[in-house]
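Scroll down for the structure; my scribbles are underneath it.
All heavy atoms count here, side chains included; hydrogens, waters and symmetry mates do not. Residue numbering restarts at 1 for every chain, and letters A, B, ... go by the order of the sequence lines.
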Amino acid sequence: MGFKSYCFKKSLWVFHFGGASCNNCDIEILDCLTPRHDLERFGILLVGSIRHADVLLVNGSINLHDRERLLEIYRQAPKPLLVVAIGACGCTGGLFTESITFAGPVDKIIPVDAYIPGCPPKPEAIIAGIVKLVNKN
Amino acid sequence: MGRKTLIPIGPYHPLQEEPELFKLYCDGEIVKDIQWVTGYNHRSIEKLSESKTYEQVFFLVERICGICSTSHPFAFANAVEEIAGVEITDRAKYIRSVIAELERIHSHLLWVGLAGHFLGYNTVFMWAWKYREPVLDLFEMITGNRNSYAMFKVGGVRRDIEGSKISEIRKVLDVVKKKTDLLTGAVMDDPVIHARTKGVGVLSKQDVIDFGAVGPTARASGLAIDVRMDDPYAAYPLVNWKVITATAGDVFAKAEVRLLEMYESISIIEQCLKGIEKEKEGEITVKVNEIPPGIGHGRAEAPRGEVFHFVMSDGSNCPARHKIRAPSYVNIATFKKSCIGQTIADATITLAGVDPCYCCTERMAVACDSGTGEVILNGRELIERSVLRTGELKSTLKERT
């Protein structure tokens with residue numbers, strides 16, 4: 001067992017970074033924690049500070065304003081850290097690639113470990129993505 | 001005036017799903033002044049809209065906000081149909097209203113949950129979001145997606161609601177009604193919620209008029225303003241319903257208005273379903289060949305208030321100008337009145353009370369240096385950026401071909 005898989009063996013704590021998103025992915029992420037899907041039973045918890053987190057969820061297209069803040073949050077995060085890009089905007093920029101304030105998809109700014117596509121991805125897809133990510137490490 | 005402490009909430013705060021920054025200037029526990037900063041969510045949608053065809057703009061405006069993802073296409077459709085002079089069929093009107101009212105139910109349930117979460121009362125949060133799921137399943141059945149529905153087009157709707165789906169909708173509505181009873185009872189009779197929300201963030205009727213607030217925020221202060229009643233569109237003139245108002249103007253009244261509005265929505269949907277059954281085999285679209293030059297105004301009542309779209313057409317297949325005003329933009333200004341004088345703990349629920357939606361509210365902001373007043377990024381520089389960006393896109397396109 002490597003160091004990285006040792007770190008992610010138990011409860012994953014998640015910090016959610018909503019970029020310039022339309023709220024859909026944010027809601028579906030919250031939806032994963034509510035009774036129908038209930039990710040909290042596996043110890044997956046949204047935390048208030050990046051300094052407590054194992055996973056950084058990024059959704060929404062990143063605009064010029066968000067770019068520096070995302071870099072700063074990534075810098076503050078304890079490593080090793082898993083980064084997950086959620087939704088069409090997070091993965092590629094989606095509909096907003098041509099926008100004048102678009103600063104590039106998430107993987108052009110920070111390294112990304114997993115992509116969960118969809119507009120918005122269903123909670124089942126988000127859970128499947130997290131499971132694959134945990135199994136990979 | 002003593003020393004003031006600055007307490008920032010945001011931009012990436014665990015309490016809020018969206019990025020925005022509130023600056024609370026406090027004296028001890030009491031909030032003395034408030035400022036809010038946005039710009040973290042700007043996607044230049046109005047500008048993008050000018051580069052898309054009318055059919056494509058529907059997918060774009062749907063992604064302004066994920067929670068009101070019917071209201072924006074609804075208002076845009078109203079505006080474009082005004083330019084084209086199209087009257088849609090009754091069946092399409094009913095289907096549009098069903099979708100809009102289902103959205104209102106899921107949005108209000110979402111708000112009740114989040115308000116509970118803001119109060120630290122997570123039981124309400126979990127319950128409300130659990131009972132919201134059947135509504136999302138309905139959306140998935142009718143439109144194929146849980147959140148962005150892609151139901152609207154110029155001249156009608158994209159998908160029909162057939163007989164088998166109607167009985168399924170009725171079944172789910174019965175469940176939702178029962179659960180709403182339960183939730184309403186739990187919220188209205190709970191002493192903790194009474195203690196935390198009554199007399200908090202009070203807005204008088206005059207304040208609401210002064211700030212130009214709309215939607216449940218205005219209705220909770222006794223101002224019966226509702227686009228569905230004042231400027232009827234789609235199937236709303238064809239069904240019976242009433243505007244819900246309350247008089248207290250505090251957060252509790254806002255919750256009351258939203259909970260009671262869900263019953264109205266259920267009643268509207270039931271009447272619309274009867275209408276759909278009556279219009280057997282009716283057409284759901286009217287063919288629109290071209291959009292003539294002209295200007296159109298479209299309004300729709302979103303769960304949070306009036307959504308306004310202004311569209312200018314020059315006869316081409318793209319809008320020449322598209323202006324959007326979302327309800328949270330005016331509702332957020334009421335914080336200047338309702339938050340000041342509250343304690344910090346009460347200020348957070350007051351902020352949540354208007355159900356603010358920052359992705360709707362986002363505006364272009366001109367950055368100024370606070371020390372010198374020097375403009376850092378002005379309009380001309382933005383246009384230069386736009387030109388640069390177009391050049392980049394053109395060169396990538398050339399590379400691909």
Side-chain angles (χ1 to χ4, degrees), chain A residues 14-38 40 45-50 52-53 56 58-67 69-70 72-73 87-89 93-102 118-125, chain B residues 11-19 38-45 47-48 51-52 56 59-60 62-69 106 110 113-114 117 125-133 136 140 145-148 357-360 362 364-365 367 377 382-383 385-390 393:
Chain A
V14 176
F15 180 79
H16 170 213
F17 180 96
S21 75
C22 73
N23 238 344
N24 260 342
C25 299
D26 312 58
I27 294 170
E28 294 296 55
I29 290 166
L30 264 192
D31 219 58
C32 290
L33 305 175
T34 51
R36 161 101 45 115
H37 305 287
D38 199 11
E40 281 185 8
L45 194 68
L46 277 186
V47 291
S49 167
I50 184 66
H52 303 160
L56 171 63
V58 187
N59 72 299
S61 67
I62 306 298
N63 68 17
L64 296 167
H65 216 77
D66 292 335
R67 192 174 174 276
R69 284 153 183 88
L70 180 59
E72 180 64 19
I73 281 177
C89 300
L95 196 57
F96 302 104
T97 321
E98 293 164 15
S99 159
I100 57 168
T101 52
F102 182 62
C119 188
K122 290 176 70 174
E124 288 91 332
Chain B
Y12 304 99
H13 194 270
L15 202 60
Q16 299 155 330
E17 280 310 298
E18 299 158 86
T38 58
Y40 306 99
N41 211 333
H42 190 71
R43 285 159 288 163
S44 65
I45 285 181
K47 185 73 189 157
L48 272 181
S51 66
K52 304 229 177 291
Q56 291 171 331
F59 297 96
L60 178 68
E62 205 168 64
R63 280 156 185 81
I64 291 173
C65 171
I67 315 176
C68 349
S69 59
H106 106 70
L110 182 143
L114 283 183
H117 180 58
F125 173 54
M126 291 294 173
W127 273 20
W129 281 57
K130 183 180 173 189
Y131 301 141
R132 183 177 154 263
E133 288 290 328
L136 294 184
E140 199 171 358
N145 202 356
R146 283 158 56 93
N147 291 58
S148 295
C357 174
Y358 303 99
C359 34
C360 291
E362 199 60 70
M364 204 229 37
L377 195 66
L382 277 172
I383 292 171
R385 233 203 104 68
S386 167
V387 172
L388 199 74
R389 186 94 190 114
T390 314
L393 284 170

To check you understand the geometry: which heavy-atom pair defines the closest contact between [X] and [Y], and what is its length?
X: A:N23; Y: B:G66; result: CB-N, 3.9 Å
X: A:E28; Y: B:R146; result: OE2-NE, 2.9 Å
X: B:S51; Y: A:E98; result: OG-OE1, 4.4 Å
X: B:P19; Y: A:G18; result: CG-O, 3.2 Å
X: A:I100; Y: B:S44; result: N-OG, 3.5 Å

- Item | Heavy-atom contact with chain A under 4.5 Å, split by part of B:E140 | side chain
- Plane angle bin for B:Y12 and A:F17 - parallel if under 30°, tilted between 30 and 60°, otherwise perpendicular: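 Geometry flag for B:Y12 against A:F17: parallel rings.
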- Query: Rounded to the nearest 0.5 Å, what separation is found between the SG atom of A:C22 and the CD atom of B:E62?
  - Reply: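 Rounded to the nearest 0.5 Å, the SG-CD separation comes out at 9.0 Å.
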Are any non-hydrogen side-chain atoms of [X] and [Y] less than 4.5 angstrom apart?
X: A:H65; Y: B:P11; answer: no
X: A:N63; Y: B:Y40; answer: no
X: B:L48; Y: A:L95; answer: no

Is chain B contacted by the side chain of [X], its backbone, both, or neither, given a heavy-atom distance below 4.5 Å?
X: A:C25; value: neither
X: A:S61; value: side chain
X: A:I73; value: side chain

Against chain B, work out which of [options] has the most heavy-atom pairs shorter than 4.5 Å and name it.
options: A:D31, A:I62, A:T97, A:L64; answer: A:D31
options: A:G19, A:S21, A:P120; answer: A:S21
options: A:L30, A:I29, A:L33, A:V47; answer: A:L30

- Task: Name all residues meeting the ring-ring contact (aromatic ring centres under 6.0 Å, His included) criterion together with B:F125; count only those two or more places apart in sequence or in a different chain, and write none if there are none.
- Result: B:H117, B:W129
- Item | B:S69-A:N24 side chain donor-acceptor pair, cut-off 3.5 Å |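 No pair is found: no donor N or O on one side chain lies under 3.5 Å from an acceptor on the other.
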- Given A:C89 and B:R43, is the side chain to side chain contact (heavy atoms under 4.5 Å, CB included) satisfied, shown in steps? CA-CA 11 Å; A:C89 300; B:R43 285 159 288 163; over 6 Å; no
- Query: B:I67, B:L110, B:N147, B:N145: which one forms the most heavy-atom pairs within less than 4.5 Å of chain A?
  - Reply: B:N147
- Looking only at B:K52, B:Q56, B:R63, B:R132, most heavy-atom pairs under 4.5 Å shared with chain A are made by B:R63
